[in-house]
There are 2 protein chains.
Amino acid sequence: MARAGTTARKTRNQMEKRQAIFEAALDVFSEKGLRGATLEQVAKAAGLSKQNVVYYFNGKDQIYAELLESLLQKWVQPLHDLSAEGDPLDEILTYVSRKVQMSRNMPRESRLFATEILHGAPRLGDVLPTDLKTLVDDKAAIIQGWMDAGKLAPLDPHHLIFSIWSMTQHYADFDVQVRSVLGPERSATRFEDAEAFIKDMLIRTLQP
Amino acid sequence: MARAGTTARKTRNQMEKRQAIFEAALDVFSEKGLRGATLEQVAKAAGLSKQNVVYYFNGKDQIYAELLESLLQKWVQPLHDLSAEGDPLDEILTYVSRKVQMSRNMPRESRLFATEILHGAPRLGDVLPTDLKTLVDDKAAIIQGWMDAGKLAPLDPHHLIFSIWSMTQHYADFDVQVRSVLGPERSATRFEDAEAFIKDMLIRTLQP
DNA sequence: AAAAATGTTGACCGATCGTGCAGAAATCAT
DNA sequence: ATGATTTCTGCACGATCGGTCAACATTTTT
């Protein structure tokens, strides 16, 4: 017997297969959702049989859960990197840049989290009210400090962060709508235009 | 034979039952998605039997399709009401108000559309590239006119509309996250705070 | 090479779900 | 009241899906 999924990772082969399944699962789950996707679709996308997928993981839900967990850190990294040491406006604009880049380069991850939260985030457990809240509160305090020091216009830091999340992720999550409304020509530069627009908006807003 | 669903509506009874099913479907579909929800859940929420639901509609997909269609107009109405006649900033801030109100009072509708678009909007057909694009282009032209007249700061009108969509709908679609991050106390006033923040941001941004 | 561990597949099961249909039950028209 | 129409239910079929298990194949270890 094997049980590749339960204990610590072993061989390189196992790591590679698990990674292939993660990749396929990200493709399928982000497009169809957890309930809308089937194990066979994931297996086919990974180039494996359904039973073989179950061999490496212990079921559909576990793939989804581990996938979500493995992506969480990477997802909040840009906010983590927002530093009190740098120039206030620079730090925030850099954060916007990285978030727009993530919408452009990691739209599947964005949609995966969006779908999860949209449906009540039952599988994110209590990560939201603990880890994420702590992180946001921390960074909001930094921003508040900048505002108190007169380096930024006074605004609610939490809602400022929400606005950046929403505006940037919008271009990944609602890409179909964005492209439909912009039309084929203007869609080509939608990410550059979005980044310029959001930065412009924030510069005007945050200027003390 | 009956076929309550295919032809024009008849009795008051049919209208009421269909409305009850719509209400139930909005509840269930917005929470679990089309594929994640079952007919029996919709039926139970509507106080009917599964087969009886099929009697009034001709299947699960038809309920979803008609529900989406019946909500579409209501959903874009605020943008439709944005008028070239009014004061530029007033018109835009009023639009924001109405969008925040919709996030507060119609979160299910917001999540339903969000899920649909997130998954590629296959059932919105070509409404996005035609009707919605036309509407947005129309309103963007009005805003552009205001900017050309020096009444608003020059910005990309399309991305301005996107930013309003994303920021306002964020508080409906990602409500779990917003409440988790804000904590119980601050969550109580999240919609008022959001409206004030977004308006503040837009005022600073759009001031010529 | 033999044995052990790891990897893969085919056959299959139980459960769920959407749907069709005959007919009962209720309501309405005359 | 009688017949027609509408409304509702019981029954059940076919399809799909997640998951199991034993057998087979491959790789690794000794």
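Computed from heavy atoms alone, side chains included, the values below leave out hydrogens, waters and symmetry copies. What you see is a predicted model, and the numbers here were worked out from it, not measured in a lab. Labels below follow one simple rule: chain letters A, B, ... track the order of the sequence lines, proteins then strands, and each chain is numbered from 1.
Put simply, OH on B/Tyr55 is 4 Å from P on D/dT7, counting in whole angstrom units. Put simply, CD on B/Glu16 is 17 Å from P on D/dT6, counting in whole angstrom units. Atom CE of B/Met15 and atom P of D/dT7 are 13 Å apart (whole Å). As rounded to whole Å, 15 Å separates atom C1' of C/dT6 from atom CZ of A/Arg18. Following rounding to the nearest Å, A/Phe29 (CZ) and D/dC17 (C1') show an atom-to-atom distance of 13 Å. To the nearest angstrom, P of D/dG18 lies 15 Å from CG of A/Asn58. Computed from coordinates, the A/Lys50 NZ to D/dG19 C1' distance equals 8 Å when rounded to whole Å. If you take CD1 of B/Ile63 and C1' of C/dG18, they are 11 Å apart, rounded to a whole angstrom.
Within the 4.0 angstrom heavy-atom criterion, only backbone atoms of the sugar-phosphate kind lie near A/Lys17; the bases stay farther away. No engagement by A/Ala43 is indicated, since no non-hydrogen atom pair under 4.0 Å with the nucleic acid exists.
The pair A/Arg186-B/Asp156 meets the salt-bridge criterion, since a charged nitrogen lies less than 4.0 angstrom from a carboxylate oxygen.
Side-chain contact of B/Asp126 with B/Thr130: a donor-acceptor pair under 3.5 Å is absent, judged by distance alone. Defined by atom type and a distance below 3.5 Å, a donor-acceptor pair is present between the side-chain atoms of A/Ser97 and A/Glu195.
End-to-end axis angle of the helix from C/dA1-D/dT30 to C/dT30-D/dA1, from C1' rotation axes over five pairs per end: 10° (rounded to 10 degrees).
When distances are taken from the side chain of B/Gln51 to each of D/dT9, C/dG18, C/dG7, the shortest belongs to D/dT9. Counting only heavy atoms from C-beta on, B/Lys60 has its side chain closest to C/dG18 among D/dC17, C/dG18, D/dC21. Comparing C/dG18, D/dT9, D/dC17 by their nearest atom to the side chain of A/Thr38 picks out D/dC17.
The aromatic rings of B/Tyr171 and A/Phe162 sit perpendicular, their planes meeting at an angle over 60°, well past the 30° parallel limit.
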Yes or no on side-chain contact (heavy atoms from CB on, under 4.5 Å) for A/Arg108 and A/Phe29, after CA distance, side-chain angles and deciding distance? CA-CA 9 Å; A/Arg108 297 174 303 172; A/Phe29 286 148; over 6 Å; no
Please report the C-alpha distance between A/Gln77 and A/Lys74 in whole Å, then the side-chain angles of each, then the deciding distance to 0.1 Å, and finally whether the side-chain contact (heavy atoms from CB on, under 4.5 Å) criterion is met. CA-CA 5 Å; A/Gln77 189 60 42; A/Lys74 197 197 297 183; 5.6 Å; no
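Note on B/Tyr56: every side-chain N or O is 4.0 Å or more away from OP1 and OP2 of D/dT6. In terms of phosphate contacts, B/Ser49 brings no side-chain nitrogen or oxygen within less than 4.0 Å of OP1 or OP2 of D/dC8.
Relative to the six-membered ring of A/Trp75, A/Lys99 meets both conditions, a distance below 6.0 Å and an angle of at most 45° to the axis.
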